[in-house]
There are 2 protein chains.
Amino acid sequence: MTPPITIVYYEDNRELREGISFLIQATPGLMLLGAFPNCQHVQDDLCDLQPDVALMDIDLPGLSGIDAVPLVKATSPKTQILMLTVFDDEDKIFRAIRNGASGYLLKHTAPADIIAAIFDLHRGGSPMTASIARKVLLHFQQPPSLPMTAAQPDDYRLSARELDIIKGLVAGYSYKLIAGELHISIDTVRSHIRSVYDKLQVNSKTEAILKAMREGLV
Amino acid sequence: MTPPITIVYYEDNRELREGISFLIQATPGLMLLGAFPNCQHVQDDLCDLQPDVALMDIDLPGLSGIDAVPLVKATSPKTQILMLTVFDDEDKIFRAIRNGASGYLLKHTAPADIIAAIFDLHRGGSPMTASIARKVLLHFQQPPSLPMTAAQPDDYRLSARELDIIKGLVAGYSYKLIAGELHISIDTVRSHIRSVYDKLQVNSKTEAILKAMREGLV
DNA sequence: ACCGGTTTCACATCTTTATGCGAGGCCGTT
DNA sequence: AACGGCCTCGCATAAAGATGTGAAACCGGT
């Protein structure tokens with residue numbers, strides 16, 4: 001028998017807290033270590049408990065669940081955080097994710113799915129409500145190719161060496177450093193840069209870097 | 001009664017194709033317009049059908065499902081694409097996403113969940129298997145703050161004006177342009193840049209831009 | 001009233017980039 | 001063999017950026 005997944009739970013709504021708590025306790029393989037109405041004392045709470053999973057509401061009185069995320073990670077690094085909230089606000093989502101949350105469910109999620117998500121999370125997955133996932137994905141998709149005509153410039157046909165050079169730029173190196181890194185002369189670097197600018201249709205280091213990053217050429 | 005969600009399906013494995021096809025046809029609210037063993041003729045297929053949803057396998061003979069994604073989008077822009085695959089390879093995931101896929105499920109997903117995902121997708125969500133979602137999220141999380149000591153420099157205390165300047169840099173502007181934009185002299189821009197470099201602990205435009213972008217200061 | 005930070009500007013100097021022009025060697029296709 | 005693309009290097013000039021030094025004006029707080 002594998003050891004149970006240990007859990008702490010932060011939720012200010014008493015009914016909900018007791019409901020989910022009961023559900024967790026009733027599920028074999030899960031063990032609830034604590035359920036708190038606010039996260040004023042996250043660090044105290046977690047430093048001893050060191051749970052596998054933290055279920056966190058966002059809209060908590062006092063310290064918001066989002067701001068608590070980094071504290072959780074700092075106090076108990078192995079703890080995976082599952083945000084459980086009514087907000088599908090972009091800003092909140094990304095702040096939580098950047099801070100280190102690993103899953104994000106809206107509260108309308110069925111209780112059974114919440115339980116499933118806890119297992120997913122512990123298995124190394126990132127359960128996400130589909131509508132949340134969409135917002136995240138949109139940040140990866142390149143701006144929808146406006147017209148529907150085929151032929152996307154997608155590929156700028158940079159040569160291998162040119163890619164080396166632009167990687168250097170994106171890494172923040174000067175020509176001199178790139179030359180040293182690649183064991184070529186600075187004039188050669190200049191020469192390649194020329195070609196790169198030509199192909200990317202830009203005319204400054206900054207533009208080239210930004211374009212390369214946005215188009216995912218790096 | 002709302003009109004059914006129309007679907008096309010690309011999958012080379014005959015058994016699987018027939019199984020899922022049957023399932024779709026048996027589900028009220030879904031309508032299968034076609035199921036193909038390869039996507040050689042996506043554009044021909046879709047130009048008339050204009051389905052709401054395209055279910056695509058990745059590992060297709062000939063033209064890969066990933067490469068077909070942009071073609072689908074070009075031919076039938078309103079079609080939402082759900083990748084269905086055995087690969088949880090980072091590179092494949094991101095190529096599919098960048099190309100415009102809106103959902104990504106691994107094939108071990110239960111048939112009932114696949115059906116649910118189709119509805120999610122059509123509702124504007126992005127169903128994703130938790131393990132896939134994790135890989136995506138990792139690209140958003142800032143490098144795990146190495147030590148656990150509190151107090152991360154997070155906030156570089158840039159002044160309002162300094163933020164204006166760095167926004168200009170990130171937009172790819174030269175000092176001269178920034179000066180024009182903000183109606184100040186180029187020497188003033190230089191002066192602010194100095195402070196910014198100081199606070200960000202960098203010493204070149206490129207480093208400043210990269211740091212600002214990564215730390216989300218913009 | 002003094003201090004510190006912000007915003008503005010100036011002048012000088014040195015380094016880095018951008019760009020024009022030229023050139024030899026390598027390699028694969030036609 | 002001739003052609004085009006790629007990789008290498010050089011020299012030169014003009015523009016942009018980095019850095020040092022200094023300073024006046026404003027504003028909020030001790």
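Residue numbers begin at 1 in each chain, while the letters A, B, ... track the order of the sequences. Since this is a predicted model, take the numbers as computed values, not measurements. Reckoned from all heavy atoms, side chains included, excluding hydrogens, waters and symmetry mates.
End-to-end axis angle of the helix from dA1(C)-dT30(D) to dG24(C)-dC7(D), using five pairs per end and rounding to 10°, comes to 40°.
Contact check for Val72(A) versus Val8(A): no side-chain heavy atoms found under the 4.5 Å cut-off. At least one side-chain heavy atom of Leu106(B) sits less than 4.5 Å from a side-chain heavy atom of Ile132(B). Leu105(A) has its side chain within reach of Leu82(A): a pair of non-hydrogen atoms, C-beta onward, lies under 4.5 Å apart. Between Lys205(B) and Tyr197(B) the shortest side-chain heavy-atom distance falls below 4.5 Å. Residues Asp52(A) and Lys78(A) are in side-chain contact: their nearest non-hydrogen atoms beyond the backbone lie under 4.5 Å apart.
Remark: C1' of dC11(C) and CZ of Arg190(B) are 10 Å apart, rounded to the nearest angstrom. Taking atom CD1 of Ile209(A) as the reference point, atom C1' of dG17(D) lies 14 Å away to the nearest angstrom. Put simply, CD on Glu207(A) is 15 Å from C1' on dG17(D), counting in whole angstrom units. Rounded to an integer number of Å, the gap from OH of Tyr197(A) to C1' of dG20(C) is 16 Å. Counting to the nearest Å, the C1' atom of dC7(D) and the CG atom of Asp164(A) are 11 Å from each other. Atom pair Ile193(A):CD1 and dT8(D):P shows a separation of 13 Å (rounding to whole Å applied). The nearest whole Å value for the distance from the CD1 atom in Ile186(B) to the P atom in dA10(C) is 11 Å. Atoms CD1 (Ile165(B)) and P (dA16(D)) sit 18 Å apart, rounded to a whole Å.
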(message) Using side chain to side chain contact (heavy atoms under 4.5 Å, CB included), reason through Thr206(A) and Leu169(B) one step at a time and then give a plain yes or no.
(response) CA-CA 8 Å; Thr206(A) 307; Leu169(B) 293 188; over 6 Å; no
(request) Check the pair Leu121(B) / Ile5(B) against side chain to side chain contact (heavy atoms under 4.5 Å, CB included), numbers first and verdict last. (result) CA-CA 10 Å; Leu121(B) 191 75; Ile5(B) 300 172; over 6 Å; no
(message) Show, in sequence, the C-alpha distance, side-chain angles and deciding distance for Leu84(A) and Glu11(A), and conclude whether the side chain to side chain contact (heavy atoms under 4.5 Å, CB included) test is met.
(response) CA-CA 9 Å; Leu84(A) 192 56; Glu11(A) 165 64 58; 5.5 Å; no
(request) Apply side chain to side chain contact (heavy atoms under 4.5 Å, CB included) to His122(B) and Ile118(B), showing your working. (result) CA-CA 6 Å; His122(B) 189 249; Ile118(B) 294 176; 5.6 Å; no
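Two residues, Ser174(B) and Ala160(A), neighbour DNA chain D, and the one matched to the more 5' nucleotide by heavy-atom proximity is Ala160(A). Sequence order on DNA chain C of the closest nucleotides to Thr206(A) and Asp187(B) puts Asp187(B) first from the 5' end.
Taking the side chain of Thr188(B) as heavy atoms from C-beta on, and the options dC9(C), dC7(D), dA16(D), the nearest nucleotide is dC9(C).
Applying the 6.0 Å contact sphere to OH of Tyr173(B) captures no more than 12 heavy atoms from other residues, nucleotides or ligands.
Taking a 4.0 Å limit (strictly below) on heavy-atom distances, residues 177-185 of chain B does not reach DNA chain D anywhere.
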(request) Using a 4.0 Å cut-off on protein heavy atoms (strictly under), produce a 5'-to-3' string for nucleotides 21-30 of chain D with B for base contact, S for backbone-only sugar-phosphate contact, and - for none. (result) B---------
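Neither OP1 nor OP2 of dT6(C) sits under 4.0 Å from any side-chain N or O of His192(B). Here Ser159(A) reaches the OP1 or OP2 of dC7(D): one of its side-chain N or O atoms lies under 4.0 Å away. For the pair Lys205(B) and dT19(D), the criterion of a side-chain N or O lying under 4.0 Å from OP1 or OP2 is not met.
With respect to the salt-bridge test (charged N to carboxylate O, under 4.0 angstrom), the residues Lys107(B) and Asp57(B) qualify.
Remark: side-chain polar atoms of Thr129(B) are not paired, donor with acceptor, to backbone N or O of Ser131(B) under 3.5 angstrom.
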